[in-house]
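See below for the structure under consideration.
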2 protein chains.
Amino acid sequence: MDTLHQKLNFFSEPAFREALMEYGKLVTLKKGDVVVKEGQYVKFLPIVLSGSIRVYQQKEEREILLYYVRAQETCTMSLAAAYFNNKSSSHGIAVEDTELLIIPADRIPVWQREFLSWNRYVVQMFRSRYDELINSFQKMAFDHIPDRVWEYLTHTVTQTGNRVIAISHQQLAHELGTTRVVISRILKQLEKEKKLRLSRGAIHLS
Amino acid sequence: MDTLHQKLNFFSEPAFREALMEYGKLVTLKKGDVVVKEGQYVKFLPIVLSGSIRVYQQKEEREILLYYVRAQETCTMSLAAAYFNNKSSSHGIAVEDTELLIIPADRIPVWQREFLSWNRYVVQMFRSRYDELINSFQKMAFDHIPDRVWEYLTHTVTQTGNRVIAISHQQLAHELGTTRVVISRILKQLEKEKKLRLSRGAIHLS
DNA sequence: GGACAACGGTATCAAAAGATACAGAGGTGA
DNA sequence: TCACCTCTGTATCTTTTGATACCGTTGTCC
């Protein structure tokens, strides 16, 4: 088991790591636990140490996946909301067992000015979230669903290092913003092309 | 003609306005002038005082509109690039005559820590750009093109306060990421429904 | 006036994706 | 074992959107 101090050394400034240890509180979440709900004030900013959190918005029955917060990342939606003391406009749910360091909201503006590490970290996070979103946007706009499905699958395999993806067609449809029937159709086609094998609740890439 | 000082008083901190006046340089652009090109290093951060700049990305023949930088706003893409001394991944072009205050890139991390006004401004800008993009994303994903066209038109009318919109079908198609024929079809339909009148190069809302 | 380019109208065809419906397979718990 | 729920396969039909092609109009520049 790594110590907290070790887990934080992706921040280069020692003084800043000290501050994180002093003000941060370690929290452990079980898969499915809710981190934030829409409408709640954001009093603590989470930094993920291990595991991952799914952040999404809900508008009139529709769900929009914004991003996953993974190890060493933070949630920019929470950050912005906390900074201005606004309510959250998103939901966050742990998709697996997750360790968080939570930071009191009032530290944000202080550290923002005090620590270069933090400042760079924040700008970097905003930037990469924005880039991610542009990317999804572009795919949504220009790529056909079969391509997006295939990309999702290969991407997941490289991420997890496992050629077996445990997901139902329904969930996958949800991730890509379409319907189950469409996904089943496409997956079946991919199976015919020998690119994968289907089984109940799982997809095996070839 | 407003003085520069007056134009900057959307920043509340007087000391910060002083810094802006000291380090910033006023630049005037003509419609069509290029502000940044993809691949260029970003040495100056623009803050728009009047007019507007269109920021977009170009990927394999496709164009993605990111946002317009309008009065009192800055370009978050430039900000992030400048902060990390990266090349720009976007293009920026003045869509009308535009006044800019340009700030040397090295001021950004300094002011970030020195002035609360600036700090809040930056976070606020990141947040609203992100929200905008989520919004477009959502519309792109769930709304049909006719609805998006109509929304674009009414939105533009309220923005400009003018019921006449000077835009060609081709341009409009471009804005919404579709083709001219589709737009012509839809506009004709809206005209039949008496919601607007068409003329060459312009659309008159009823 | 004539050449030319941008703009707009419309028809036809094809592809992509969504909606709906129904059936069967697998797993679980009483 | 039976009831029940989730997951998957598949067929049919419709809607939406894109692609292409062709033509007339308008405005501009020599």
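All chains are named by letter (A, B, ...) in the order of the sequence lines, taking the proteins before the strands, and each is independently numbered beginning at 1.
- The distance between atom CD1 of B:Ile167 and atom C1' of C:dC7, rounded to the nearest whole Å, is 13 Å.
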For nucleotides 10-17 of chain C, tabulate all protein N/O to nucleotide N/O atom pairs closer than 3.5 Å, reporting atom names and distance.
from, atom 1, to, atom 2, distance (Å)
C:dA17, OP1, A:Ile145, N, 3.1

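- One can place CG of B:Leu172 at 13 Å from C1' of C:dG8, the figure rounded to the nearest angstrom.
- Using the six-membered ring where Trp is involved, B:Tyr121 and B:Trp118 have ring planes that are tilted, between 30° and 60° apart.
- A cation-pi arrangement, defined by a distance under 6.0 Å to the six-membered ring centre and an angle within 45 degrees of its axis, is absent between A:Arg148 and A:Tyr152.
- One can place CD of B:Gln189 at 11 Å from P of D:dT16, the figure rounded to the nearest angstrom.
- The aromatic rings of A:Trp111 and A:Tyr23 stand perpendicular to each other, their planes meeting at an angle above 60°, with 30° marking the opposite boundary.
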### Query
Given B:Gln171 and B:Glu175, is the side-chain hydrogen bond (donor to acceptor under 3.5 Å, both in side chains) satisfied, shown in steps?
CA-CA 6 Å; B:Gln171 284 173 277; B:Glu175 292 282 305; over 6 Å; no
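- Annotation: cation-pi geometry not satisfied between A:Arg129 and A:Phe126 (NZ/CZ under 6.0 angstrom from ring centroid, within 45° of ring axis).
- One axis for each end of the helix from C:dG1-D:dC30 to C:dA30-D:dT1, each built from five base pairs, and the angle between them comes to 30° at 10° resolution.
- Atom C1' of nucleotide C:dA25 and atom CG of A:Leu198 are separated by 14 Å, given to the nearest angstrom.
- With salt bridges taken as basic N to acidic carboxylate O contacts below 4.0 Å, one links A:Lys188 and A:Glu191.
- Between A:Leu49 and A:Leu8, the shortest heavy-atom contact is CD2-CD2, 4.0 Å.
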Enumerate the protein-to-nucleotides 3-7 of chain D contacts in which both atoms are nitrogen or oxygen and the separation is below 3.5 Å.
from, atom 1, to, atom 2, distance (Å)
D:dT6, O2, A:Arg200, NH2, 2.5
D:dC7, O4', A:Arg200, NH2, 3.4

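- A:Thr98 contributes a side-chain N or O that, together with a main-chain N or O of A:Glu96, makes up a donor-acceptor pair within less than 3.5 Å.
- If you measure from atom CZ of A:Phe142 to atom C1' of D:dT17, you get 14 Å, rounded to the nearest angstrom.
- Salt-bridge formation is not detected for the pair B:Arg107/B:Glu22: no Lys NZ or Arg NE/NH1/NH2 atom is positioned less than 4.0 Å from an Asp or Glu carboxylate oxygen.
- Ring geometry for B:Phe16 versus B:Phe11: interplanar angle over 60°, hence perpendicular rather than tilted (30 to 60°).
- Side chains of B:Glu99 and B:Ser50: a donor on one and an acceptor on the other come within 3.5 Å.
- A:Leu190 has its CG atom 12 Å from the P atom of D:dG9, to the nearest Å.
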